[in-house]
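Sequence lines set the chain letters: A, B, ... in the order given, protein chains first and strands last, and positions in each chain run from 1.
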There are 2 protein chains.
Amino acid sequence: MQRRTPGVRFNADGKAEVVLWSPSAQKVEIILLNDHKKIALNGVDFGYWELTTTAIKPGGCYKFMLDNDKELPDPASLSQPDGVHGHSQTIDLKQFNWTDGNWQNPPLDDYLIYELHTGTFSTDGTFKGIEEHLDHLLQLGITAIELMPVAQFPGGRNWGYDGVYPFAVQNSYGGAEGLMQLVNTCHNHGLAVILDVVYNHLGPEGNYFGEYGPYFTSKYCTPWGPALNFDDTWCDAVRNYFIENALMWFRDFHIDALRLDAVHAIKDFSPTHLLREMKQRANELMPETDRTHYLITEVDLNDNRFIDTLDNHGYGMDAQWIDEFHHALRVTAGGDRNGYYEDFNGIAHLAKAYEDAYVYDGQFSPTRKRYFGSSAAGFPGRQFVVFSQNHDQVGNRMLGERSSQLFSFEMQKLMAGAVLVAPFVPLLFMGEEWAAQTPFQYFVSHTEPALVEAVRKGRKAEFTAFHAEGETPDPQSEGTFNRSKLSWDELNSAHSAVMFKYYQKLIYLRKKLTTLHILNREKLKVTFSEDNKTLLLQR
Amino acid sequence: MQRRTPGVRFNADGKAEVVLWSPSAQKVEIILLNDHKKIALNGVDFGYWELTTTAIKPGGCYKFMLDNDKELPDPASLSQPDGVHGHSQTIDLKQFNWTDGNWQNPPLDDYLIYELHTGTFSTDGTFKGIEEHLDHLLQLGITAIELMPVAQFPGGRNWGYDGVYPFAVQNSYGGAEGLMQLVNTCHNHGLAVILDVVYNHLGPEGNYFGEYGPYFTSKYCTPWGPALNFDDTWCDAVRNYFIENALMWFRDFHIDALRLDAVHAIKDFSPTHLLREMKQRANELMPETDRTHYLITEVDLNDNRFIDTLDNHGYGMDAQWIDEFHHALRVTAGGDRNGYYEDFNGIAHLAKAYEDAYVYDGQFSPTRKRYFGSSAAGFPGRQFVVFSQNHDQVGNRMLGERSSQLFSFEMQKLMAGAVLVAPFVPLLFMGEEWAAQTPFQYFVSHTEPALVEAVRKGRKAEFTAFHAEGETPDPQSEGTFNRSKLSWDELNSAHSAVMFKYYQKLIYLRKKLTTLHILNREKLKVTFSEDNKTLLLQR
């Protein structure tokens, strides 16, 4: 009874099944905008409202009316053609003509991940735009693309972490069908698709969740305001909402893996943590899809409970990001040493990252001012994702400089090598394979003036110490977004071509040599010299 | 290095070892009030300040001076002779002349707990007052007393949950020496002593912790304001402070068990939860004290991670309170059904509590509006503490009525029987053994007028729905406190004498009959009839 798929879905008979959770409402109607018609939903158990009807067709536009008063979009909308404040539109997810029947998700050991932002990867800024560059990615040799979040966000420019419709694919990217098309094409070209999803908060604009029910709890505070309600009164439907979201991507969009954003901000003291329940449900789904699906977390706790097996009281996550490898590598390369980089001493820590995955597995962390982390001994290399840059590490700099702006050409090569010979799953950030010169800056396109101002101010304040180095780019300006688009012409330059060939070769070697692609950490040996600045990795 | 005992302790040479944690201070001095002298402490590592000196003697009065500016009591003071705002006083804890060398803490299976509040148990309201009634307790047959919190609180009247000096024993109760004397006497009379300690928050008045360092975090919100910092920046010293507190009671006060108040409000997402670390440290201490010491939690999560073994990824707590048994019993007895009692249907739930310890081990809880709890199968009966009343269940009623005011004499007997034949550890609340007629109301003695007003208002607001039944007693009034004192003369009445004999006999039988005192849940069989209002317990 708790396992309801929220939103509007079409059943085998073509009837629409409408499911809404709103325990506070006394009356709920669905407004069919095409037909100027209202139909009451039936209040059922656990605060749910339901309706099965032939009155709603695929493509139909609708809103919900709560208590004769509030007219609101569907929190589980699959499509928001007019953006976050507009009406919702139904989609029959089963209509897509999949041709990826032969596709099988490779083992994580074989993943070579390429992270990209749909809006800035291509000139178009759409899923179609990605497809147009698929040959480039295939030539490069990566085996999986990772899409930054695509849930509907305010306006047309956003990294994706301000999404407020977790079930709706951003309209300006091409919507649900566009994403399905992309996944289908990728699978037919042997590429896996990872989707970045945000289950730790919901964006500030177009966020109507509070009107429907207790989606939030004041028990915990997050950097983004009140926390999502995963363990307080009424939490079951909220948990189910996000779990159903994860299952939808696997089942209906053929997504191979989810990258769960910042799960340390998912506050849940229930006996069964949300992620553990999500994994249990995903395990139940797999016989149905007849495919493997992975859950990969971004988490900065160095706590094995996330990646430990369900049998061993863990949450069963298949893998997790390792920011510490990145930090150690950047410091070794001569990069910044302020902020969280203060915890990293360079080559000795890089050696530790190779050997132990976590740099901090029980030592005192100067920036956290506490003993931090636990040992990852015994966990295989395929459970750790490493990189020399990613959207955060680039974009969270004031000017959004990539490594290409900060390190010498040779050092960039060395960093790429460090990642691609690691006994972990490597991740590249779009454009690094040709040392792209464009920045990746922070951009938004909010429509509420007060929010725009708050974001601008926040961004400026974040970089007060750096203002001598220039002006903080205006996050709301279209220019900031356009500047952040990859410039594919660069690939024609000799400089970029050399780097591209270098990456290509490294990837080729990683795939070809057993030593490199078997992610066994047991035979690993690392020796290094601080004096000579050398590190010898034996695998 | 992290394992420092905060405060002032005297070493084997009689020198005072001063340890203070204040990472924000630039300069720290100890002010010796008897000698009008100031001595600088040495800033060492991890934000600690230390000094070893002969200038401070046992009984010496002192404060700390931070940055030439703030003169404050010691957060780890062992004695506050002038209350929470006054100076601290040193004690040499090793000076007490213990004569309990033959005492051994019995197994938890043998515990028959008697919860008491020092201030209202005797006319005196002191530890000495408890000793004077020891014969009564011995005649009753209980095997352990449980003292409500004794950490120094504002004024002389408080339940104890507003304590702000976890290391200092309330001066008006008799201070550290009085408590040691009581424990020594109890041990010599075969009684174990449990101490209620509060590690989930610190009281609102006399709370100078924030001046010393980041004892609190804004990551989590508790009903009492910002949460104690157990997993945020700088948390190690805060964790250590409370762990050292627990160890002090075991080592220096010979306390047999701690009752950890409301541990669900201890918010800690570290790889090693505070309670797990506390248990690890307690295990290390036991060979030193050559005694067993128990950690018993109050927790309302029905989550076995608290009582599961360290080996099985648990926190290793020896036992936990089971409020649900109480709630099911009260509803079965015909008591209130509002508030959290709504979750309980009476006899069927009482049967479930007997069988499964948790009533909610996966069902939907109507008041929590969520599926709640996990199964306690396999955990022995000694890990669960049950009662038909306790300080909270009595005192959190507007008028603080005991069962004696709410249920018939025969029903009280039935409830006592229900607890004392349970396959769990029974707990009585002071006075219930003679159906005491005095209430146990909520009382405080704050000195800050705004706080007094806030507590008064809060208490009134809490019982808005009940005002028809009378006035909320004024928590600040001395009358409320005095009304809550046990009236020992009652014992002379025939009525009380009958009840006392009844309890005595029940306890005698529980101790005598193997079936009753072996807390094996495996052979337990419960049958019941809603129609006949009967429940048959076979053990």
Review point. Looking at B/His313, B/Arg368, B/His264, which has the largest count of heavy-atom pairs under 4.5 Å with chain A?
Key: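 The answer is B/His313.
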
Review point. Hey, what's the ring geometry for A/Phe46 with B/Tyr371, parallel, tilted or perpendicular (30° and 60° as the breaks)?
Key: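 A/Phe46 and B/Tyr371: tilted rings.
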
**Study point:** Aromatic plane relationship, A/Tyr341 with A/His326 - under 30° parallel, 30 to 60° tilted, over 60° perpendicular
**Key:**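 Judged by the thresholds at 30° and 60°, the geometry between A/His326 and A/Tyr341 is tilted.
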
Review point. Which atoms of B/Asp231 come close to chain A, meaning under 4.5 Å heavy atom to heavy atom: side chain ones, backbone ones, both, or neither?
Key: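 The answer is both parts of B/Asp231.
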
Review point. Any idea which of A/Leu301, A/Asn312, A/Asp232, A/Thr272 has the most non-hydrogen atom pairs under 4.5 angstrom with chain B?
Key: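 Greatest number of close heavy-atom pairs with chain B: A/Asn312.
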
Review point. Any side-chain donor-acceptor pair under 3.5 Å between A/Ser270 and A/Arg239?
Key: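 Checked: A/Ser270/A/Arg239 side chains pair up, N/O donor to acceptor below 3.5 Å.
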
Check your understanding: Taking atom types as modelled, is there a side-chain donor on B/Asp261 or B/Asn200 under 3.5 Å from an acceptor on the other?
Key ->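 Yes, because at least one side-chain N or O of B/Asp261 sits under 3.5 Å from a partner of the opposite role on B/Asn200.
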
Point to revise | Under 4.5 Å from any heavy atom of chain B - which part of A/Asp361 | key: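 Contact with chain B is absent: no heavy atom of A/Asp361 under 4.5 Å.
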
